[in-house]
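Everything below concerns the one structure shown next.
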Amino acid sequence: MARIIVSEKDNAAKRIAAILSNGKATTIKSYNVPVYVFQNGEEKTSVIGLKGHILKVDFPEKYSNWQGVKPIELIDADVVKVPTQKSIIKALQKEAKGVEQVIIATDFDREGELIGVDAMNKIKEVNSKAKIKRARFSALTESEVKEAFNNFEDIYVNLANAGEARQDIDLIWGATLTRFISLASKRLGKHFLSVGRVQSPTLAIVVAREKERRAFIVKPYWQIKALFSTDQKEDFFAQHKTDKFWNEEEAKEIVSNLGKAGVITDSKKTKKQISPPAPFNTTAFLAAASSVGLSPSYAMRIAEGLYMEGLISYPRVDNTVYPESLDLKGILTILKGSKELGDLAGEILAQKKLTPTRGKKKATDHPPIHPTGVVVKDSLKPQEWKVYEMVARRFLATLAPFASMESLRIDIDVECPSLKRKESFFLQGSRVVEEGWLKYYGYGRKKDDVVTNLKKDDNVLLIKPILESKETQPPQRYGQGRLIQEMEKLGLGTKSTRHSIIQNLYDRGYVHSDPIVPTELGVGVSETLRKNAEAITTPELTAQLENDMDLIAEGKEKKDSVVNISREMLKGILENLEKRGEEVSQEIKEGIREGKIVGKCLKCGNELRIIRSRKTKKRFVGCASYPDCKTAFPLPQFGDVIALDEVCEVCKTPKVKIVSNRKKPWVLCLNPACPTKKTSDNNKTDGRE
DNA sequence: GCAAGGTC
């Protein structure tokens with residue numbers, strides 16, 4: 001008797017084999033894919049790990065020419081499955097040939113079920129007789145895995161069908177609209193323009209914020225603060241109670257009439273406890289990494305590496321509650337062996353009781369991200385250590401005591417004899433009095449304010465008033481970490497894909513920088529879609545799909561019916577787009593055109609634009625008044641050029657930013673003769689191509 | 001050359 005167990009990834013296969021064989025499994029290679037083998041009496045078991053999906057959906061070959069096929073033809077085209085993991089499929093089929101039993105042990109979720117069904121169908125091609133079973137567990141612990149293998153279930157075909165509906169709909173909508181918009185704007189080849197169920201609403205979020213900023217009218221206002229001295233301690237600044245003076249004269253009048261004598265009219269000290277943070281799931285981790293300057297896709301890549309090294313747990317999780325089964329003491333004991341963090345871990349371990357914090361999202365997918373091993377700082381790259389340390393410190397903090405803060409608010413009245421009235425000031429500040437968890441996890445920790453002991457009726461002396469001129473600020477742009485949180489809130493993408501969706505917006509040239517700024521191209525594409533194909537720019541399409549997938553999983557709807565309804569909806573949208581084809585192409589081309597304007601010519605005032613020379617194929621910046629005005633500047637020949645709407649502080653020539661995958665973004669003044677280029681560290685402009 | 005979802 002022989003059986004094969006199929007898991008979603010190699011790590012899981014290894015673990016399942018170890019649990020079921022009590023550590024006696026041996027590793028063999030089948031087409032270079034690891035297979036874990038063990039024997040129980042007459043029964044031989046092989047365990048093989050896949051690499052996620054082994055098939056992908058695509059259209060048949062005859063649809064592959066973008067110019068030769070009308071986008072609308074894709075909507076009713078067949079959708080076929082093509083192998084993407086050939087050696088794994090070969091190994092799977094080789095090992096499954098002749099077995100009596102196949103056990104699908106992929107992750108317990110929709111995509112996991114689909115991955116399992118795809119594997120099952122590949123096995124059926126070579127072995128139609130084997131009995132197929134499903135092992136369901138939500139954590140790779142000994143008890144869960146053993147329990148699952150003592151109580152097999154059946155494959156949940158409906159759930160897999162729900163996953164297939166998603167695959168089909170994503171491909172049909174994505175490919176049809178991607179091709180339509182690329183053809184309409186003549187952006188073919190590697191500069192094609194993409195559209196998708198998740199990426200387009202995400203881009204729309206960024207663009208909507210940018211439009212708010214552009215529409216924002218900046219208003220000047222004034223604030224008054226003053227430096228006070230007392231007989232007890234250091235001097236301090238207090239703020240006038242009127243937050244914003246919209247009239248400069250009014251503020252000036254107060255400033256010039258302020259007296260010296262002040263008295264404290266009220267002094268309140270309050271103490272409050274600050275709870276330690278919740279355990280890390282992917283979103284919280286990426287937001288934290290983002291706040292220390294690591295982009296989500298970079299932080300994710302590092303986390304995956306640390307996971308493969310056995311230093312941290314699985315980094316793709318929704319869960320923010322440690323499961324009962326997680327051995328918190330064991331992890332602390334491991335961490336205690338760390339040169340850099342051992343002392344901190346020891347302190348937590350010495351607590352009488354370990355009570356971890358809990359986050360709002362309780363899921364059973366995986367435990368929240370936590371350290372699983374120790375490593376010496378110097379053996380990792382600095383950025384890897386930064387991520388490891390953050391995960392380890394977060395873990396410690398979730399077990400650490402409350403912090404407590406002391407806040408102070410003081411109100412001060414200042415006499416203004418010449419105005420015959422008093423002006424009110426206040427001072428607010430807080431400081432940490434008990435460090436608690438902040439000792440372990442101090443990221444983003446605010447500096448302590450000075451908290452004085454001044455009491456009601458104490459006298460203070462106004463030393464110097466200060467009038468500050470300020471401007472109202474438009475709403476802030478999204479940082480990458482914030483955008484991931486927003487996507488999660490709106491149900492866009494998954495823990496495993498959000499970072500790559502955002503990265504895709506960068507790679508397509510739709511956005512640049514962090515905080516995220518949409519390019520003119522990004523604005524053009526997003527606005528065109530919003531006006532002419534709104535459905536693809538809102539999160540509701542995903543919400544509707546989730547709903548339909550639940551119905552399929554429950555057996556209340558058929559996959560084909562859901563996909564066909566979706567096809568009909570897309571047809572309506574595409575017909576509308578085609579009817580407005582001219583406007584659509586104009587709007588995107590306008591975006592592309594605007595994206596090429598880098599500023600105004602200093603000689604004639606006309607536009608300076610990025611131009612590609614017909615003769616040399618090289619690009620440069622030239623004046624729109626050519627040949628009357630011959631102003632021109634060289635450009636580097638790699639990367640994308642992004643107009644910054646800024647001019648050089650020294651020579652007033654426009655500045656641009658060069659972004660590429662290979663190098664760090666690089667801001668440069670277009671003028672090669674600019675005096676700033678003479679300084680040593682900034683002389684890379686000339687001739688760099 | 002298309003999407004989004006797994007995983008490396």
Side-chain angles (χ1 to χ4, degrees), chain A residues 6-13 32-34 49-61 63-69 71 73-75 77 79 81-82 84-85 87-88 106-119 160 162-183 187-203 282 300-309 314-317 365-366 487 491-505 507-508 536 541-542 545-546 549 566 570:
Chain A
V6 183
S7 75
E8 192 157 321
K9 44 187 171 280
D10 177 57
N11 253 314
N32 220 12
V33 177
L50 309 175
K51 284 183 181 172
H53 287 286
I54 54 173
L55 307 175
K56 67 162 188 175
V57 288
D58 204 351
F59 298 112
E61 181 68 36
Y63 294 96
S64 57
N65 182 346
W66 289 35
Q67 278 118 307
V69 177
E73 294 177 49
L74 294 178
I75 300 181
V79 174
K81 292 205 176 196
V82 294
T84 53
Q85 301 287 351
S87 55
I88 289 198
T106 46
D107 290 358
F108 176 28
D109 54 32
R110 191 171 59 222
E111 297 296 329
E113 205 71 25
L114 174 54
I115 289 165
V117 165
D118 281 343
E164 283 194 339
R166 181 203 57 72
Q167 282 188 322
D168 290 4
I169 288 172
D170 280 338
L171 174 69
I172 296 168
W173 280 68
T176 303
L177 295 174
T178 291
R179 288 198 195 179
F180 173 81
I181 208 150
S182 297
L183 287 163
R187 291 268 296 210
L188 297 162
K190 64 176 179 179
H191 291 296
F192 74 91
L193 303 177
S194 62
V195 179
R197 172 177 60 82
V198 179
Q199 62 170 277
S200 298
T202 305
L203 176 60
T282 304
M300 210 54 204
R301 201 162 66 229
I302 292 175
E304 276 156 10
L306 294 173
Y307 162 65
M308 295 312 288
E309 296 287 319
Y314 190 68
R316 291 183 277 261
V317 317
D365 52 352
H366 298 277
M487 290 172 76
L492 293 170
T494 73
K495 56 194 185 285
S496 321
T497 59
R498 290 185 193 112
H499 66 277
S500 62
I501 297 272
I502 294 176
Q503 188 56 46
N504 185 40
L505 297 180
D507 295 344
R508 287 285 130 74
I536 195 69
L541 199 65
T542 293
L545 178 61
E546 289 287 345
M549 285 194 293
S566 184
L570 177 59

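Below, chains carry the letters A, B, ... as their sequence lines are ordered, and counting in each starts from 1. Quick note: numbers below take in every heavy atom, side chains included, and nothing from hydrogens, waters or symmetry partners. Remember, predicted model here, so these are calculated numbers, not experimental data.
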When you check the gap from the basic side-chain N to the acidic O, do A:Arg110 and A:Glu546 get nearer than 4.0 Å?
-> yes

Please work out which residues in residues 491-500 of chain A have a non-hydrogen atom less than 4.0 Å from an atom of DNA chain B and list them by number.
-> A:Gly493, A:Thr494, A:Ser496, A:Thr497

A:Thr282 side chain to A:Pro315 main-chain N or O, any donor-acceptor pair under 3.5 Å?
-> yes

Select base, sugar-phosphate, or nothing to describe what A:Val195 touches, counting heavy atoms under 4.0 Å on all strands.
-> sugar-phosphate

Residues forming a side chain to side chain donor-acceptor pair (under 3.5 Å) with A:Gln85, sequence neighbours excluded = none

Within the structure shown, what part of the strands sits under 4.0 Å from A:Tyr314 by heavy-atom distance: base, sugar-phosphate, or nothing?
-> sugar-phosphate

Could you tell me whether the side chain of A:Arg179 and the main chain of A:Pro71 form a donor-acceptor pair under 3.5 Å?
-> no

Applying side chain to side chain donor-acceptor pair (under 3.5 Å) to A:Thr494 and not counting sequence neighbours gives A:Thr497

Under the ring-ring contact (aromatic ring centres under 6.0 Å, His included) rule, collect the residues that match up with A:Tyr307, sequence neighbours excluded.
-> A:Tyr314

If you look at every strand shown and take non-hydrogen atoms under 4.0 Å, does A:Lys9 touch a base, only sugar-phosphate, or nothing?
-> sugar-phosphate

Got A:Glu111 and A:Glu8 here, is their nearest side-chain heavy-atom distance under 4.5 Å?
-> no

Looking for any heavy atom pair under 4.0 Å, which part of the strands does A:Glu304 touch: base, sugar-phosphate only, or nothing?
-> sugar-phosphate

What does A:Leu188 touch in the nucleic acid at a heavy-atom separation under 4.0 angstrom: a base, only the sugar-phosphate, or nothing?
-> base

Range on DNA chain B touched by chain A, heavy atoms, distance below 4.0 Å = B:dG1 to B:dC8

Does the side chain of A:Met308 come within less than 4.5 Å of A:Asn11's, by heavy atoms?
-> yes

Is there a residue in residues 106-113 of chain A whose heavy atoms reach under 4.0 Å of DNA chain B, and which residues are they?
-> A:Asp107, A:Glu111

What nucleic acid atoms does A:Gly52 come within less than 4.0 Å of, heavy atoms only: base, sugar-phosphate, or nothing?
-> base

